[in-house]
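Since the structure comes first, as structure tokens, the remarks are kept for the end.
Order of the sequence lines sets the chain letters (A, B, ...), proteins ahead of strands, with each chain counted from 1.
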Amino acid sequence: MKRLTLRRVLWSCALLAAVLLGIVLLALRLGAVPFSFGDLGQNLWFLVSGQSEKVSTDFRVIMVDIRLPRILLGIVVGAALSVAGAGFQALLRNPLADPYVLGVSSGAALGAILALLAAPALPLMTPAAAFLGAVATIAAVYFLGRRQGQLDSSTLLLAGIVTASFLTAMIMFLMTTLTSRDLRGISFWLMGDLSASLPRGLLWIMITGFFAAAGAILTTASDLNVLLAGEREAMHLGVNVTRVKLVVYISASVLTGLAVSVSGAIGYVGLLVPHVMRMFFGSDYRLLIPTSALGGAIAIVLADTLARTLIAPTQLPVGAMTAMAGAPVFIYLLRRRLA
Amino acid sequence: MSGTGSVTEARPGTTAQRHSAHVRVNVEQASYAYSARKQAAPLFTLEATTFQAREREFVAILGPNASGKSTLLRLIAGAIVPLSGRVELDGFETCHLDARTRAQRIALVQQESPLIFPILAGDYVLQGRHPHGRSLWFEKDEDFAIAEKALAQVGAEHLRDRWMHEISGGEKQRVVLARALAQQPLVLLLDEPTLHLDIRAQIDLLCRLRHLADEHRYTVIEVTHDLGMAAEFADQIVLLHRGKCLRVGTPAAVYQRELLEQVFEVPLGIEASPAGRPRVIVQGRREEI
């Protein structure tokens, strides 16, 4: 029995944060225009210490305007997907659950495609429509997945899977009506991609939304531990099961919706990161939620850096990268579990 | 037939003492009805049931399948609201206590749910401290001490660092009981706790429950269909049949041959043991099949 204390949570997070920092520096350095770590350090110092006039123009354009926002977006998206995945795994009492299992990503994709068809010229239309599609799906699955006024794991799972497959059918239907240029944009979006340049305001909305929703899930962490050991028992251990399920359902769905609206459906991260973190840190949700957030950020920034540089100058969508790396990791975890 | 039987004879809790003891659980004319939809005809009804369980008392709710045993247990646990009548714990209606307060006073051992992610027995027992903590909370030294003590009380200290999915059924049931004890409740409710156990583990568990009632002042209420074990360990039997409470009393008072044969629908023999507890003899009736 390894005792969980606040100190252990903080140390684990500090360790992961250090790894994340290392990967972020690497990601800043690598790319079509390479910078040495010396340049990087010096310019970053200028920025941080308020001497921004000394920062070179090259650095400003490439780092501050291109690479850094993309990395920040990757961090938020990765953290959101992993926390959502951990949340859905507890809510559905199913280790195979991922953020997309209840159809949120399909709803977002449908919204995005409809926006592309209706108003291709408006820049923020696509993420806004995608988020609306996600919210509509969350609401629909919620009403379909209830049983006797309460979210029921298996009913919810079935309702979600059916909704997802219906939405996917709609997407397939609509895609046949798109021109090949739009189709390429959409396929990048269905795979998951971080290359879209977003206004800074949107990034702040993402960060605020992430902290609100992930914080809400974190407040239910010890309830989730009890819930995972048995739903009927949880009620008699003082857990308000109805409330906890509702909080986790809404928060995890909102996290997924936020991530998907800006980056598309990046696969495997939300499924695998919580499992990898369980391997390292155990399955206590008080530790699993913060470590998953950091682990997800590491995974996406790493994958996106590889996607940008592996066959440069061609850029892969980051979703292709996570799927290629994720499937073998998943098989490894599966065999290890059976061994 | 006035003794409390071989198991408890030399223990502090004699019948006389128990009757003077404080009434912990008061079930008064409590009834319940299940129906598929609101306003639909009920599928199952538990008719008005009355009995009292005191401190140090071991009560067995006895009956065949579908007799309403689990419904009665859920009423006592406060999980469902009685259709009529009341179920009180120390004067408070159990269904109106808030979930945390209830979990601090009543522990319910149910048929266990499958575990999805591996958990150590020690961590499992520690979950019994959940109703005593706040939402984002780390267990204190005190909580660990209570969990350790609970494990020791059921003789499972050695299981602390074992995975729940790797220990035997009997060991698992002891760990589940330890979690209930870690709640530090006044009342222990158990839903067929001996169901999947072999005879040795059954007797071991029931002896521990008997001991917890005698020495630690718990009120123990178990649901069972095991006639023999109930007679051997319980102070009071609540006999249910098709949703009706037929008899409440000591095993000797309830174990009447005609009555039990009618309830369980098999020929039975009943004899008094020297200790005053009735013994049930099962008679096969192969010739009818």
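The environment of B/Arg208 atom CZ is dense: over 12 non-hydrogen atoms of other residues, nucleotides or ligands sit within 6.0 angstrom. No more than 12 heavy atoms of other residues, nucleotides or ligands lie within 6.0 Å of CZ in A/Phe280, so this atom counts as exposed by the packing criterion. More than 12 heavy atoms of other residues, nucleotides or ligands shown are found within 6.0 angstrom of CZ on B/Phe44.
To the nearest 0.5 angstrom, A/Asp284 atom CG is 7.5 Å from B/Asp123 atom CG. Separation of atoms CZ (A/Arg232) and CZ (B/Arg74) is listed at 9.0 Å; rounding is to 0.5 Å. Taken to the nearest 0.5 Å, the CD atom of A/Gln89 stands 5.0 Å off from the CZ atom of B/Phe117. A/Ser222 OG to B/Arg129 CZ: the interatomic distance, rounded to the nearest 0.5 Å, is 13.5 Å.
At a 4.5 Å heavy-atom cutoff, B/Asp143 makes no contact with chain A through either its backbone or its side chain. For chain A, the nearby parts of B/Ala79 are the backbone and the side chain; heavy atoms of each come within less than 4.5 Å. Neither the backbone nor the side chain of A/Asn240 comes within contact range of chain B, judged by heavy atoms closer than 4.5 Å. Of the two parts of B/Gln127, the backbone and the side chain both hold a non-hydrogen atom closer than 4.5 Å to a non-hydrogen atom of chain A. For A/Thr5, the part lying near chain B is the backbone, with the side chain staying farther off; criterion is any non-hydrogen pair under 4.5 Å. With a 4.5 Å cut-off on non-hydrogen atoms, B/Gln104 does not touch chain A at all. When heavy atoms are compared at a cutoff of 4.5 Å, B/Arg179 approaches chain A solely by way of its side chain, counted from C-beta outward.
Ranking B/Leu115, B/Asp98, B/Leu108, B/Ile106 against chain A, the residue ahead of the rest is B/Leu108, based on heavy-atom pairs under 4.5 Å.
Between B/Tyr124 and A/Glu233, the shortest heavy-atom distance links the atoms OH-OE2, 4.4 Å. Heavy atoms only, all atoms of each residue included: A/Gly238 and B/Ala103 are closest at N-CB, 3.5 Å.
No donor-acceptor pair closer than 3.5 Å links the side chain of B/Arg102 to the backbone N or O of A/Met235.
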Decide side-chain contact (heavy atoms from CB on, under 4.5 Å) for A/Arg3 and B/Asp141; before the verdict, give the C-alpha distance in whole Å, the side-chain angles of both, and the deciding distance to 0.1 Å.
CA-CA 10 Å; A/Arg3 181 165 176 179; B/Asp141 291 337; 2.7 Å; yes
